[in-house]
Amino acid sequence: MIRAVRGVHDILPAEAAKWERVEGTARRVFEAYGYEEIRLPVFERTELFARGIGEVTDIVQKEMYTFLDRAGEAVTLRPEATASLLRAYIEHGLHVHPKPVRLYTMGPMFRYERPQAGRYRQFHQLNVEALGDDHPALDAQVIGMLVEFFRALELAGRLQLQLNSLGDAKCRPVYRERLLEYLRAHAAALCAECRDRMERNPLRVLDCKTPACRPVLDAAPSVQEALCDDCRRHFADVREYLDAMAIPYVLNDRLVRGLDYYVRTTFELTTAELGAQNAVAGGGRYDGLIELLGGPPDPGIGFAIGIERVVLLLPPPAEGREGRKPFAFLIPLGAPALRALLPVATAARASAVTVELGYGDRKLRSELERANRLGAAWAVIVGETELARGEAVLRDMASGAQHTVALPELARELARRFEVERSRS
RNA sequence: GUGAGCGUAGCUCAAUUGGUCAGAGCACUGGACUGUGGCUCCAGGGGUUGAGGGUUCAAUUCCCUUCGCUCACCCCA
């Protein structure tokens with residue numbers, strides 16, 4: 001048997017219903033906020049991600065699916081969507097549109113990691129980006145929209161919004177130095193991994209979970225104290241607007257995100273229900289990134305939602321038979337009856353009525369049994385007698401009541417009853 | 001990349017210290033019931049016990065290797 005490769009997964013019909021719900025909710029919410037869909041390729045030149053995400057990040061150093069195509073060009077299956085989206089923004093001159101330019105996209109991402117609960121090698125994200133505007137009210141509304149999305153799915157109560165500001169190109173380097181200095185002074189008390197990591201990416205040391213490191217790290221200088229006046233004001237405004245929208249959050253000055261490009265506002269939605277992979281969504285501001293990728297000096301902010309993780313939080317589908325039930329099950333008895341019912345089935349389906357059709361080679365009993373198992377509301381029986389009279393028998397599967405309908409009227413009759421049923425529910 | 005746990009039918013799981021152990025339930029198909037379902041009863045199909053090797057008279061069971069899955073570390077969605 002050929003099996004799926006490690007870390008990828010099939011979304012079977014029973015699960016697909018949840019996915020449709022998540023994606024449908026996203027479209028509805030995002031579009032209400034003025035976001036438009038953009039569809040992007042799933043692979044790009046490797047260079048785009050190396051530059052956009054940051055050479056020293058885990059993603060670029062060890063998680064990318066990179067290969068040479070037949071022309072010898074290095075390409076990579078996208079590990080995240082922002083770099084691709086910004087590339088498209090620059091390439092197609094989308095910055096000429098009124099700012100902020102608001103875009104969303106969804107689809108598969110690829111990271112070469114060991115799979116575990118809520119973590120896959122091919123996983124799916126919903127991505128939102130607002131480009132060309134750095135007003136703190138935009139930050140607050142982007143976060144507000146993210147929260148609104150989870151409210152619409154009735155999941156907001158099980159999530160916690162964590163918020164931080166990382167400073168900008170001016171003040172972050174200063175903080176970095178100050179932190180590094182502190183870490184060096186206390187290196188002896190830190191675990192081997194922290195000591196190894198602090199030179200490469202000192203901010204990341206802050207969320208080390210080794211208990212022995214905690215006292216030292218908890219006493220480390222906070223980014224908050226190091227923010228320059230502009231960043232401090234920006235962050236204060238963001239918080240004020242969130243308060244105005246009554247969006248609760250937790251300040252977490254140890255929240256450091258894994259992609260290098262984040263500045264100022266960063267945030268994460270976490271849950272206690274998914275084991276170790278507790279982030280359901282995350283994002284932040286990335287002023288400077290568009291310019292770094294060769295575009296105009298436009299600021300930007302965005303977030304990504306992990307669809308698998310959202311789906312894991314969603315309640316299981318309702319009881320009973322899963323999947324779609326046919327409205328009617330057509331039972332021909334014999335080949336002539338089958339020939340008579342084939343066009344009826346086609347006509348009914350053309351009116352969006354889901355019907356299923358037997359082959360006429362089984363006993364009525366077993367076909368009715370099948371109609372019952374499929375959950376059909378109606379069974380339509382056409383045997384030799386009915387055919388001779390040009391009629392069909394309609395059987396109400398719930399009550400067992402039956403009546404006859406002229407064959408030429410059958411498709412219309414089914415469509416009519418389908419409408420009645422639908423308007424009632 | 002590191003560590004731990006687990007691999008028996010499509011699914012959920014049984015099978016004393018190695019000794020009819022290759023099974024049950026669900027699902028599927030058929031029959032009881034010649035053209036009238038839901039309940040019940042009966043029958044059937046379907047497994048190289050993840051794979052390979054070893055120990056033994058005998059391995060689903062013990063040992064080794066390997067593959068896979070799961071969880072955790074790391075990191076993140």
Side-chain angles (χ1 to χ4, degrees), chain A residues 1-9 12 14 22 53 57-63 78-82 106-128 146 159 191-194 196-197 201 204 207-210 255-259 262 268-271 274-283 302-313 321-322 329 331-334 337 358 360 362-387 393-402:
Chain A
M1 177 171 60
I2 299 176
R3 313 173 50 123
V5 305
R6 171 171 245 197
V8 309
H9 60 120
L12 302 179
V22 170
I53 298 171
T57 56
D58 282 356
I59 291 178
V60 172
Q61 288 188 334
K62 52 185 200 192
E63 295 174 6
R78 63 179 182 189
E80 57 112 41
T82 303
M106 56 181 80
M109 308 294 156
F110 305 85
R111 292 184 200 171
Y112 190 88
E113 296 181 275
R114 281 285 279 270
Q116 71 185 69
R119 194 174 76 184
Y120 308 91
R121 288 185 173 180
Q122 177 180 334
F123 61 102
H124 299 76
Q125 287 186 338
L126 292 159
N127 287 265
V128 166
L146 174 61
L159 301 174
C191 67
E193 229 174 275
C194 284
D196 181 55
R197 191 143 42 133
N201 198 340
R204 292 228 60 91
D207 54 16
C208 174
K209 283 151 198 140
T210 311
L255 176 66
V256 178
R257 312 216 64 255
L259 289 70
Y262 286 116
E268 224 169 77
L269 274 179
T270 57
T271 173
L274 292 183
Q277 309 307 316
N278 65 345
V280 175
F303 61 75
I305 299 169
I307 301 182
E308 279 84 353
R309 293 181 186 178
V310 175
V311 167
L312 283 172
L313 291 175
R321 201 186 101 81
E322 291 164 2
F329 190 84
I331 306 174
L333 300 171
R362 297 222 263 175
K363 289 199 299 193
L364 178 59
R365 166 180 294 280
S366 53
E367 291 291 60
L368 279 172
E369 199 176 306
R370 205 138 70 95
N372 185 52
R373 266 204 311 266
L374 291 171
W378 294 89
V380 176
I381 303 162
V382 176
E384 279 177 34
T385 354
E386 289 79 10
L387 203 54
V393 171
L394 258 69
R395 180 180 178 82
D396 181 333
M397 290 301 287
S399 67
Q402 299 191 163

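As a basis for the values below, the full set of heavy atoms in this structure was taken, side chains included, without hydrogen atoms, waters or symmetry mates.
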*asked:* Counting the atoms with a prime plus P, OP1 and OP2 as sugar-phosphate, which does A/Gln402 contact under 4.0 Å by heavy atoms, base, sugar-phosphate, or nothing?
replied: base
*Among the candidates B/C69, B/C74, B/U36, find the nucleotide nearest to the side-chain atoms of A/Gln116.*
B/C74
*With a non-hydrogen cut-off below 4.0 angstrom, is A/Glu63 in contact with a base, only sugar-phosphate, or nothing?*
sugar-phosphate
_With a 3.5 Å cut-off and heavy atoms only, can you find an N or O donor on one side and an acceptor on the other between the side chain of A/Glu386 and the base of B/G35?_
yes
*A/Met397 has a side chain; which of B/G37, B/A77, B/G35 sits nearest to it?*
B/G37
*Quick one: A/Asn372 CG to B/G37 C1', roughly how many Å, whole number?*
5 Å
*asked:* Can you tell me which nucleotide in B/C69, B/A77, B/A72 comes closest to the side chain of A/Arg309?
replied: B/A77
*Does any N or O donor sit under 3.5 Å from an N or O acceptor when you compare the side chain of A/Arg395 with the base of B/G37?*
yes
_Out of B/U36, B/A72, B/C69, whichever nucleotide has its closest atom nearest the side chain of A/Arg114_ = B/A72
*Test for a donor-acceptor pair under 3.5 Å between the base of B/G35 and the side chain of A/Thr385, counting only N and O atoms.*
yes
*Per A/Lys62 side chain, nearest of listed nucleotides B/G68, B/C74, B/G30*: B/C74
*Looking only at N and O atoms, is any donor in the side chain of A/Arg373 or the base of B/C28 less than 3.5 Å from an acceptor on the other one?*
no
_Spatial distance of atom CD (A/Glu369) from atom CG (A/Leu374) [nearest 0.5 Å]_ = 11.0 Å
_Under-3.5 Å donor-acceptor pair between A/Arg365 side chain and B/U36 base_ = no
*Looking only at side-chain atoms of A/Arg6, point me to the closest of B/A72, B/A77, B/C69.*
B/C69
*Are OP1 or OP2 of B/A32 and a side-chain N or O of A/Lys363 less than 4.0 angstrom apart?*
yes
